[in-house]
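One structure is given below, encoded as structure tokens.
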Amino acid sequence: MDKQYKNHIKILFVCHGNICRSPLAEYILRDMVTKRGDSAGFYIASAATSTEEIGNPVHPPARRKLQEHGISCDGKRAVQLKKSDYAEYDYLLGMEERNIINMKRILGGDPKGKVYRLLDFSDRPRDIADPWYSGDFDTAYEDIREGCEAFLNFLETGK
């Protein structure tokens, strides 16, 4: 990561393959902070815990769901989470408990308390189901939007 982002809040969203949920979260949050006029204060990215989809673009139904909301994810390719990401990011946000387990394995733990499940910031903490398996991109989008709004509220209020 470039030193120009030193004073930014650095957020990494993580899911299994980095082609559905974590790119949805990355681009939904980017859109939210841009619309609030806060984009200069954030560095937002996403990654996978697995190697299965590395280099692949965002899954077409996820890309279409973003496009329905006027959000582009052009150029995004799946990358894998690496141990060094722990030092680079302020928050590493997984989509489900299984992601959290795999993230901590890759990162070598979570000594500074930076790893969270995205919906743990919401009023209804829960996993975000993987739409790759369920086919339900509507629910995934809404759950991720809810999590991103709750996360921004947490950043603003500390609660």
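Along the sequence shown, residues carry numbers from 1.
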Once you round to the nearest 0.5 Å, how far does [atom1] of [X] lie from [atom2] of [Y]?
X     : Y      : atom1 : atom2 : answer
Cys20 : Ile128 : SG    : CD1   : 12.5 Å
Cys73 : Arg30  : SG    : CZ    : 10.0 Å
Leu93 : Ile144 : CG    : CD1   : 11.5 Å

Test: [X] and [Y] ion pair at under 4.0 Å:
X     : Y      : result
Arg36 : Glu156 : yes
Asp90 : Lys114 : no
Glu68 : Arg64  : no
Arg21 : Asp143 : no
Glu88 : Lys82  : no

Where is the tightest heavy-atom contact between [X] and [Y], given as atom of each residue plus distance?
X      : Y      : answer
Ala47  : Leu81  : CB-N, 3.7 Å
His8   : Tyr43  : CB-N, 4.0 Å
Trp132 : Asp130 : N-OD1, 2.9 Å
Gln80  : Thr51  : OE1-CG2, 3.3 Å
Ala78  : Gly17  : CB-O, 3.5 Å

Q | Identified side-chain hydrogen bond (donor to acceptor under 3.5 Å, both in side chains) counterpart of His16 within the set Glu52, Glu96, Arg98 | A | Glu52
Within the 4.5 Å heavy-atom criterion, are [X] and [Y] side-chain neighbours or not?
X      : Y     : result
Gln67  : Ser72 : no
Pro57  : Arg77 : yes
Ile106 : Tyr86 : no
Leu155 : Phe42 : yes

In one Ile/Leu/Val/Met/Phe/Trp/Tyr side-chain cluster, 4.5 Å: [X], [Y]:
X     : Y     : answer
Val79 : Tyr89 : no
Leu66 : Ile19 : no
Ile9  : Tyr27 : yes
Ile44 : Val58 : no

Q.
Applying side-chain hydrogen bond (donor to acceptor under 3.5 Å, both in side chains) to Thr49 and Asn99, what does each step give before you reach the verdict?
A. CA-CA 7 Å; Thr49 58; Asn99 300 149; 4.7 Å; no
Q. Listed by chain and number, what are the side-chain contact (heavy atoms from CB on, under 4.5 Å) partners of Asp136, not counting sequence neighbours?
A. Ser134, Asp138, Thr139
Q: Please step through side-chain contact (heavy atoms from CB on, under 4.5 Å) for the pair Met95 and Asp127, ending with a clear verdict.
A: CA-CA 6 Å; Met95 301 295 124; Asp127 285 348; over 6 Å; no
Q: Walk me through it: do Leu29 and Leu152 pass the test side-chain contact (heavy atoms from CB on, under 4.5 Å)?
A: CA-CA 9 Å; Leu29 188 65; Leu152 285 175; 3.6 Å; yes
Q) Between Ser46 and Lys76, does a side-chain contact (heavy atoms from CB on, under 4.5 Å) hold up when you go through it step by step? A) CA-CA 9 Å; Ser46 63; Lys76 171 65 182 169; 3.1 Å; yes
Q: Under the side-chain contact (heavy atoms from CB on, under 4.5 Å) rule, what do His59 and Phe137 come out as? Steps first, then yes or no, please.
A: CA-CA 11 Å; His59 190 48; Phe137 286 85; 3.6 Å; yes
Q) So among Leu92, Val14, Leu12, which one has a side-chain contact (heavy atoms from CB on, under 4.5 Å) with Val115? A) Leu92
Q: Evaluate the salt bridge (charged side-chain N to carboxylate O under 4.0 Å, His left out) criterion for residues Glu146 and Arg126: first the C-alpha distance (whole Å), next the side-chain angles of each, then the deciding distance (0.1 Å), finally the verdict.
A: CA-CA 11 Å; Glu146 175 187 336; Arg126 63 197 184 279; 2.7 Å; yes
Q | ring pair (Phe, Tyr, Trp, His ring centres under 6.0 Å) against Phe121, all qualifying residues, sequence neighbours excluded | A | Tyr116, Phe151, Phe154
